[in-house]
There are 2 protein chains.
Amino acid sequence: MNHKKDKNTADDFGAKIQCFVDLCRDRGLRVTPQRLAIYKALVNSDEHPSAEMVYEKVRGSLPTISLDTVNRTLLTFSEIGAAFVVEGSGGARRFDAGLDNHQHFKCVKCNRIIDFHHEPFDDIELPASIDGRFTVSRKTVYVEGLCELCQSH
Amino acid sequence: MNHKKDKNTADDFGAKIQCFVDLCRDRGLRVTPQRLAIYKALVNSDEHPSAEMVYEKVRGSLPTISLDTVNRTLLTFSEIGAAFVVEGSGGARRFDAGLDNHQHFKCVKCNRIIDFHHEPFDDIELPASIDGRFTVSRKTVYVEGLCELCQSH
DNA sequence: TGATAAATAGGAGTAGCTACTATATAGGTG
DNA sequence: CACCTATATAGTAGCTACTCCTATTTATCA
Ligand SMILES: [Mn+2]
Ligand SMILES: [Mn+2]
Ligand SMILES: [Zn+2]
Ligand SMILES: [Zn+2]
């Protein structure tokens with residue numbers, strides 16, 4: 001085991017939580033046990049979970065939490081910039097607390113969402129016909145297909 | 001009125017219908033009045049309609065058609081390549097029979113989907129980590145924000 | 001240590017599909 | 001051209017993923 005890496009990972013986690021708490025305070029949002037638990041569950045997941053998936057995790061520590069609270073809270077996180085809704089159509093909304101520049105590949109069969117990073121996609125230049133006319137809040141490259149597991153029938 | 005343009009438009013429409021009929025025959029799909037009416041409604045629309053929107057249009061000529069048939073049929077069109085589902089999350093699936101290279105801007109407030117075309121986006125080169133590992137069936141630039149009507153509060 | 005505005009739990013309501021089954025029909029066959 | 005049959009459709013029931021409502025609880029502040 002690499003103790004250094006473990007420690008850094010733990011530190012990163014602590015830093016993210018602190019950052020999240022500060023962000024809530026800045027925006028005048030109360031730091032509730034529900035919000036903390038939901039944020040921790042989201043940060044600890046790399047599968048871009050749906051509200052339902054987060055709900056199942058969080059019920060471990062907060063057995064009486066409601067699915068509505070999880071849904072509402074995840075949307076609040078997107079509004080304050082602590083997370084975002086992953087692009088892509090069909091099925092349940094999927095969330096991501098990974099704010100580093102990256103892109104997604106979505107498998108249309110198993111619905112897995114896989115992170116990748118290709119620098120040329122980090123800052124896409126839009127034509128003036130769009131940039132000048134509309135207020136663009138998000139732009140990314142959208143990629144879907146079959147993952148390596150689903151290709152083999 | 002420009003008669004030449006009208007005539008060309010009419011010809012284009014006829015050609016598209018013929019093309020669609022041929023495509024159905026190639027794939028061994030029956031050319032039913034429902035399929036024709038749904039395809040015509042989709043081709044005549046530039047608003048990237050949902051199944052519900054197509055349903056309302058088609059009921060004019062086929063009053064007993066069911067919403068399920070419209071839904072199923074639009075998905076069939078995507079499978080045979082006569083149309084596709086527009087990328088983007090939230091709300092109802094939106095369909096497009098415009099097969100020319102183009103991209104979309106989606107307004108997150110009024111849900112309008114606006115076509116644009118920027119040649120550099122037509123053939124996005126994916127990194128080998130994606131192209132080599134997965135079977136990519138679709139890739140495009142995803143752009144969302146507020147349209148000019150929704151910006152002004 | 002209250003007061004209070006914000007947040008949550010629980011449940012009902014809704015949109016958008018999706019599955020099921022009896023009926024109808026497109027398109028090939030004789 | 002009438003018949004046959006696999007395919008497609010209509011009508012309906014069921015389901016998933018939210019979204020709204022209201023009474024109750026609680027984080028924060030004075
Ligand atoms: Mn991600
Ligand atoms: Mn389009
Ligand atoms: Zn897969
Ligand atoms: Zn708009």
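Only a predicted model underlies this, so the values are computations on that prediction, with no experimental measurement involved. Reminder, nothing fancy here: chain letters follow the sequence lines and each chain counts from 1.
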J.: Base, sugar-phosphate, or nothing: which does B:L67 touch, judged by heavy atoms less than 4.0 Å apart?
T.: nothing
J.: When we call it a touch if two heavy atoms are under 4.0 Å apart, what does B:I65 touch: a base, just sugar-phosphate, or nothing?
T.: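 Sugar-phosphate, no base atom in range.
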J.: Which listed nucleotide (D:dA17, C:dT18, C:dA26) is nearest to the side chain of A:A92?
T.: D:dA17
J.: Here's a test of your reading of the structure: between B:G91 and A:R30, which maps to the more 5' nucleotide of DNA chain C?
T.: A:R30
J.: May I ask you to evaluate whether B:Q34 reaches the phosphate of D:dA10, defined as a side-chain N or O under 4.0 Å from OP1 or OP2?
T.: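 Indeed, a polar side-chain atom of B:Q34 lies that close.
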J.: Let me know the distance between CG of B:L74 and P of D:dA8, rounded to the nearest Å.
T.: 15 Å
J.: Does B:D68 contact C:dC17 through a side-chain donor or acceptor facing the base, at a distance under 3.5 Å?
T.: no
J.: Quick check on C:dA9: is either OP1 or OP2 less than 4.0 Å from any side-chain nitrogen or oxygen of A:S66?
T.: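 Yes, A:S66 has a side-chain N/O under 4.0 Å of OP1/OP2 on C:dA9.
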J.: In this structure, how many angstroms lie between the P atom of D:dT28 and the CG atom of A:D26, rounded?
T.: 13 Å
J.: Which pair of heavy atoms, one from B:K40 and one from B:F13, lies closest together, and at what distance?
T.: CG-CZ, 3.7 Å
J.: In whole angstroms, how far is the P atom of D:dA10 from the CG atom of B:N71?
T.: 13 Å
J.: Does A:R93 make a side-chain N or O approach to OP1 or OP2 of D:dT19 shorter than 4.0 Å?
T.: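 The answer is yes; a side-chain N or O of A:R93 sits under 4.0 Å from OP1 or OP2.
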J.: Nearest to the side chain of A:L29, heavy atoms from C-beta on, is which of C:dA7, D:dA10, C:dG10?
T.: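 Nearest to the side chain of A:L29 among the choices is C:dA7.
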J.: How do A:A51 and B:T64 order along DNA chain D: which one's closest nucleotide is nearer the 5' end?
T.: B:T64
J.: Assuming nearest nucleotide by heavy-atom distance, tell me which of B:P33 and A:R35 is located more 5' along DNA chain C.
T.: A:R35
J.: Roughly, in whole Å, what's the span from OH in A:Y55 to C1' in D:dC18?
T.: 14 Å
J.: Measure CD1/B:I38 against P/D:dA8 and give the value in whole Å, please.
T.: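 Taking CD1 of B:I38 and P of D:dA8, I get 13 Å after rounding.
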J.: Consider the side chain of A:T32, meaning its heavy atoms from C-beta on, and name the nucleotide among D:dA27, D:dG11, C:dT18 that approaches it most closely.
T.: D:dA27
J.: Are any of A:R72's side-chain N or O atoms less than 4.0 Å away from OP1 or OP2 of C:dA7?
T.: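 No, because none of the side-chain N or O atoms of A:R72 sits under 4.0 Å from OP1 or OP2 of C:dA7.
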J.: Less than 4.0 Å between a side-chain N and a carboxylate O, is that true for B:K106 and B:E144?
T.: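 Result for this pair is no, no salt bridge flagged.
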J.: So, is A:R25 close to the D:dT28 phosphate, meaning a side-chain N or O under 4.0 Å from OP1 or OP2?
T.: yes
J.: Name the closest nucleotide to the B:T69 side chain, picking from C:dT18, C:dT8, D:dA10.
T.: D:dA10
J.: Are A:E87 and A:R138 close enough for a salt bridge, meaning some N to O gap below 4.0 Å?
T.: yes
J.: Can you name the nearest heavy-atom pair linking A:V143 to B:V136, along with the distance?
T.: CG1-CG1, 3.8 Å
J.: Using 30° and 60° as the class boundaries, would you call the ring planes of A:F84 and A:H104 parallel, tilted or perpendicular?
T.: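 Because their plane-to-plane angle lies in the 30° to 60° range, the rings of A:F84 and A:H104 count as tilted.
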J.: For the pair made of CE in B:M53 and P in C:dC17, what is the distance, rounded to whole Å?
T.: 12 Å
J.: Whole Å only: how far is the CD atom of A:E52 from the C1' atom of D:dT19?
T.: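 That distance rounds to 15 Å.
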J.: What's the CZ-P distance between B:R59 and D:dG11, to the nearest Å?
T.: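 About 10 Å, once rounded to whole Å.
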J.: Looking at every non-hydrogen atom in both residues, tell me the closest pair between B:C107 and B:L146 and how far apart they are.
T.: SG-CA, 4.0 Å
